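Some notes on the structure that comes next.
In this text the structure is predicted, and so the values were computed from the model without any measurement. As a basis for the values below, the full set of heavy atoms in this structure was taken, side chains included, without hydrogen atoms, waters or symmetry mates.
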Amino acid sequence: MNPEEAAERLLRDLRSSRRGLSSAEARRRLLQYGRNELRRRGTRRWPGELGRQFTHPLALLLWVAATLLLIVGSLVVAAAVMLIIVLNAAFAFVQEIQAERAVEALAQYIPQRAKAVRDGSTQEIDAAELVPGDIVVLEEGDRVAADVRLLAGAIEVDMSALTGESVPTLRSASILDVDVPVLRAHELVFSGTNCTGGEAHGVVFATGMTTELGRIAALSERVKPAPSPLERQVRRVAWFIAGVSLVLVLAFIPAAVFGAHLSPVDSLVFAAGLLAGMVPEGLLPVITLALAVAVKALAARGALVKRLSAVETLGSTDVICTDKTGTLTENRMRPLAVWTLAGRCDLEGVPPGSVNAPPGSPLSSAGHIAAACNNAHFQSGKEPSGDPTEVAVLLAAQALGADPDAARREAARRWQFHFNPELKLMSTIDQRDGRLVVHTKGAPETLLPRCATFLDPHGRVIPLQDRDHDVITAQVSAFASGGLRVLALAERVLPADAPPPHRRDDAESDLCFVGLVAMLDPPRPEVADAVSRCRTAGIRIIVITGDHPLTATAIAQRIGIVGDHPRIITGEELDQLTEQQISDLVRDEPEILFARASPEAKLHVADALRDQGHVVAMTGDGVNDAPALHRADIGVAMGRSGTDVAREAATMVLTDDNFASLVAAVEAGRRIYDNVRKFIVYIFAHATPEVAPFLVFALGGGLVPLPLTILQILAFDVGSETMPALALSREPAEPGLMTRPPRPRTEGVIRRSMLLRSWLFLGVIVGALQLAGFFYVLVRAGWHPGAPTGVGDPLHHAYQQATTMTFLGIIAGQIGTAFAVRTEHASLRSVGVFSNRYLLAGIAGELALAALLVYLPPFQALLGTAALPVSDLLLLLPYPFIVWGADESRRYLNRRRARRRGAPEVGTTRRRVT
């Protein structure tokens with residue numbers, strides 16, 4: 001049986017034809033076979049993930065505290081501590097699951113697409129809607145979405161996802177294999193593989209879990225993802241807190257027993273309280289929530305982040321390597337002119353077919369080449385489809401009177417050499433006027449050396465001399481220096497008695513130069529401002545493009561990436577450099593631009609920058625961009641023009657292909673990292689005021705009652721403090737966010753200045769205020785050191801009011817802390833006192849909860865609180881302003897010292913970075 005007969009038999013078995021399925025039949029089969037998706041294995045992941053929350057170092061500290069309380073017989077308090085462990089673990093687990101689902105939901109914004117023949121025409125559909133019997137079109141850059149039997153054409157396929165072999169393999173409809181393993185059959189391609197070259201049509205014979213990929217997925221176990229850098233840093237912070245807490249406990253228990261002469265029971269109560277006070281219970285869930293909120297916000301702005309931890313990496317990006325076309329420009333090519341040696345023909349505003357191009361003239365030949373060597377499609381009543389450059393070239397052909405009909409073009413085509421990003425050429429062999437003709441378009445500097453002749457103004461084929469070459473090159477430079485993209489057109493009539501060449505080098509040689517097409521792709525209007533923000537933020541931008549050096553330079557200068565005299569490196573020059581020379585180049589040249597660069601150039605540049613310690617974001621859209629996108633810290637693929645392979649390799653996808661969206665993502669990364677640090681300062685600041693009462697109790701040697709009970713600490717940590725902490729994850733950006741340099745790659749999430757600010761400045765102030773309130777209430781009631789305050793004693797009610805004053809004092813102090821940590825350097829006025837409505841709502845909720853804990857009898861009995869007179873409550877009003885005012889003064893003094901030293905003041909000075 002030959003390949004054609006086998007294909008027809010399969011089509012009969014699948015009740016399909018080469019014209020594809022009707023939309024109604026496709027819908028029916030979708031119900032029958034289900035969506036073309038891999039079903040998640042039914043493994044029960046949640047027990048292990050939930051169990052991990054109970055063994056986190058912060059949870060272990062609380063387990064130790066509960067154990068100590070059980071030892072001394074404080075069963076109620078021990079039960080409360082264990083309840084806190086359970087609630088905190090459940091909250092953290094829910095946040096992680098919701099964040100994971102949020103990221104998975106974002107994938108629906110960029111569904112894998114497939115080109116299928118429905119109702120007799122090729123349509124782009126969601127790949128999940130493919131069904132057996134669908135006729136699909138596979139092209140370079142596509143990710144194969146189902147198991148397909150090829151019917152026509154040939155492609156190269158990267159099978160590494162299934163076989164582990166990285167070398168692309170040929171798959172062709174003209175080859176039929178029998179008695180071979182299914183994965184080695186040359187007429188079959190499989191779901192999950194990538195098309196790296198060629199074009200073919202095929203019929204889908206398996207979808208979803210019935211594909212080879214589905215079979216493997218059903219057999220495989222889920223791989224546990226490695227922790228991100230931020231997750232590792234947070235875990236190190238947790239172990240740091242645990243270590244400090246244990247050191248304090250081990251240091252003060254002997255002091256309490258031997259120095260303060262406390263009983264062993266009181267000493268263990270002291271140790272349990274110390275541990276409970278040091279644990280920031282909400283650290284992990286709030287960080288997860290902050291990242292999830294950032295991912296959702298970025299999605300709304302056109303940047304889809306595929307994993308939460310990438311947001312943190314974005315914040316430290318200091319180099320962006322970007323394409324030009326479609327990222328910096330609109331990727332809406334329009335033809336402006338066609339130039340031949342007969343002169344220039346302007347096409348701006350010219351209706352189709354209105355150019356007078358006599359048959360046999362250079363303009364007529366240019367129109368035939370532009371129409372034949374093309375894969376764009378014009379459909380009546382619809383926007384042209386295809387690569388923007390090819391659409392522009394086809395518009396030029398139409399203006400010159402050539403036939404743009406895709407069906408007639410395909411009928412005349414005998415062979416195609418797809419666009420090669422390294423050669424920057426595309427060629428077709430077509431039937432024209434009874435002869436086979438090679439039609440070629442591509443970069444002028446690549447195509448001209450392959451030309452031996454040219455078409456003169458009278459349509460005669462003349463040998464190409466040096467002077468003619470110089471004239472053509474000068475015109476290319478004239479177009480390119482104006483920011484226009486230029487393609488050269490050439491052709492060759494093949495001998496009538498010779499078979500068509502099937503090797504690229506044989507076809508693309510001895511060509512006849514016909515003309516140039518000049519196209520305009522204007523810069524996006526918002527990109528210039530985004531570039532300016534990058535420069536003031538200390539972020540370097542390097543353009544790596546396949547365009548002409550003059551075109552790329554003109555666009556880069558227009559939007560402010562480079563100045564008047566940038567260093568321009570072409571692909572040929574880069575290929576001659578060693579790795580060390582490339583590293584020296586990107587280090588020593590402040591303004592550098594890579595033009596006519598191959599995709600491999602991106603990989604070399606990314607390696608050089610990463611070796612120097614830079615955090616690199618790399619944009620890309622092609623198949624060959626995938627290695628560089630993998631290698632960069634942040635691989636950024638294009639959602640519109642990018643290939644499936646590039647989107648699969650990238651960390652982030654720009655749905656609008658816009659450079660400004662990438663800069664917005666970097667800014668969001670910085671903001672969210674700042675917010676994580678603000679939350680850490682806020683959550684750490686409670687340690688000092690929670691530990692201070694136990695130190696007073698221990699050092700008082702029994703003369704001073706415990707100013708704050710363990711249950712009150714737990715009520716504060718889990719109840720009152722949580723709502724403002726969550727609100728800080730929504731904090732808007734601090735002024736000067738994009739005027740300071742990126743943080744170093746090695747800088748941790750916690751700095752010494754943060755610990756000093758939280759523990760020894762804010763914490764000390766809040767601790768002093770709360771203890772002042774405690775002693776004020778006790779002394780006013782007649783207490784003196786050593787006076788009994790236990791149950792049944794005359795001062796017991798006063799003692800309960802005093803601990804309540806301590807409890808409310810720490811809440812009032814933390815409200816001031818919440819406002820203080822909203823900025824690290826700038827004044828609170830610069831961000832707006834009321835700009836974070838979530839924080840205002842959180843504080844309102846905190847106050848409402850505090851009122852319930854203090855005034856409802858059930859909570860009074862549980863926590864040992866008592867109602868306070870209005871006069872005592874009025875004493876608490878200045879607490880937030882004292883805390884905030886002290887930190888505002890500290891930041892003011894720091895800014896003034898910075899001005900005296902001549903250092904740039906954060907938020908006011910804009911620096912030009914080259």
Side-chain angles (χ1 to χ4, degrees), residues 121-122 124 139 324-326 329-340 342-359 361-413 416 418-419 424-428 430 432 439-444 447 475-476 479-480 482-491 514-524 546-548 551 555 640-641 657:
S121 63
T122 302
E124 190 173 90
E139 298 174 329
K324 180 187 75 68
T325 303
T329 60
E330 294 180 358
N331 202 21
R332 293 182 179 178
M333 294 279 186
R334 66 177 190 269
L336 292 187
V338 172
W339 181 90
T340 68
R344 170 171 171 156
C345 176
D346 290 318
L347 301 180
E348 186 79 37
V350 174
S354 61
V355 175
N356 183 19
S361 67
L363 280 180
S364 176
S365 295
H368 284 304
I369 298 169
C373 188
N374 206 307
N375 286 321
H377 290 77
F378 285 179
Q379 297 178 0
S380 59
K382 297 182 180 180
E383 287 289 323
S385 61
D387 179 84
T389 300
E390 297 212 320
V391 169
V393 172
L394 197 55
L395 287 171
Q398 190 179 33
L400 295 175
D403 183 7
D405 184 76
R408 286 188 287 273
R409 178 183 64 208
E410 294 295 329
R413 182 173 295 177
Q416 175 177 340
H418 287 270
F419 175 75
K424 295 177 175 56
L425 292 176
M426 172 187 173
S427 297
T428 59
D430 305 282
R432 194 175 92 191
H439 296 122
T440 302
K441 73 174 188 288
L447 189 146
Q475 185 58 48
V476 171
F479 279 140
L484 303 182
R485 186 172 187 184
V486 187
L487 287 181
L489 306 175
E491 64 181 8
V514 174
L516 304 172
V517 179
M519 299 161 287
L520 175 64
D521 184 16
R524 294 177 182 267
D547 256 357
H548 191 282
T551 304
I555 295 295
R640 291 180 179 174
S641 61
D657 293 10

Any donor and acceptor pair, going by atom type alone, linking the side chain of [X] with main-chain N or O of [Y] inside 3.5 Å?
X      : Y      : value
Lys324 : Ile555 : no
Thr340 : Ala342 : yes
Arg413 : Ala372 : yes
Glu348 : Leu336 : no

Begin from the C-alpha positions of Glu491 and Asp430 and carry the test side-chain contact (heavy atoms from CB on, under 4.5 Å) through to its verdict.
-> CA-CA 11 Å; Glu491 64 181 8; Asp430 305 282; over 6 Å; no
What are the two closest heavy atoms between [X] and [Y], and how far apart are they?
X      : Y      : result
Val514 : Ser365 : CG1-CB, 3.9 Å
Ala397 : Gly367 : CB-O, 3.4 Å
Leu487 : Val393 : CD1-CG2, 3.8 Å
Pro404 : Ala402 : CD-O, 3.3 Å
Leu447 : Ala488 : CD1-O, 3.6 Å

Counting only pairs under 3.5 Å, give me each side-chain donor-acceptor contact of residues 515-522, with atom names and distances, residues two or more places apart or in other chains.
{"residue": "Asp521", "atom": "OD1", "partner": "Glu330", "partner atom": "N", "Å": "3.3"}
{"residue": "Asp521", "atom": "OD1", "partner": "Asn331", "partner atom": "N", "Å": "2.7"}
{"residue": "Asp521", "atom": "OD1", "partner": "Arg332", "partner atom": "N", "Å": "3.2"}
{"residue": "Asp521", "atom": "OD2", "partner": "Thr329", "partner atom": "OG1", "Å": "2.5"}
{"residue": "Asp521", "atom": "OD2", "partner": "Asn331", "partner atom": "N", "Å": "3.4"}

List in chain and number order the residues that pass side-chain contact (heavy atoms from CB on, under 4.5 Å) with [X], two or more places apart in sequence or in another chain; answer none if no residue qualifies.
X      : value
Ala480 : His548, Leu550, Thr551
Pro359 : none
Asn356 : Pro358
His368 : Ser364, Arg432

Any chance you could lay out the side-chain contact (heavy atoms from CB on, under 4.5 Å) test for His377 and Leu394, step after step, and finish with the verdict?
-> CA-CA 9 Å; His377 290 77; Leu394 197 55; over 6 Å; no
Check whether any side-chain heavy atom of [X] sits under 4.5 Å from a side-chain heavy atom of [Y], and report yes or no.
X      : Y      : answer
Leu395 : Phe378 : yes
Gln398 : Leu347 : no
Arg485 : Phe479 : no

Matching residue for Thr440 among Thr428, Leu489, Leu425 - test: side-chain contact (heavy atoms from CB on, under 4.5 Å) |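 Option passing the side-chain contact (heavy atoms from CB on, under 4.5 Å) with Thr440: Leu425.
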Between Val391 and Arg334, does a side-chain contact (heavy atoms from CB on, under 4.5 Å) hold up when you go through it step by step?
-> CA-CA 8 Å; Val391 169; Arg334 66 177 190 269; over 6 Å; no
Can you list every pair that meets side chain to side chain donor-acceptor pair (under 3.5 Å) and has a residue in residues 402-412, with sequence neighbours left out?
->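 Residue pairs passing side chain to side chain donor-acceptor pair (under 3.5 Å), neighbours aside: Asp403-Arg408.
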Walk me through it: do Met426 and Glu390 pass the test side-chain contact (heavy atoms from CB on, under 4.5 Å)?
-> CA-CA 11 Å; Met426 172 187 173; Glu390 297 212 320; 3.2 Å; yes
Measuring from Trp339:CH2 to Arg344:CZ, what's the distance to the nearest 0.5 Å?
->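 Reported to 0.5 Å precision, the distance equals 11.5 Å.
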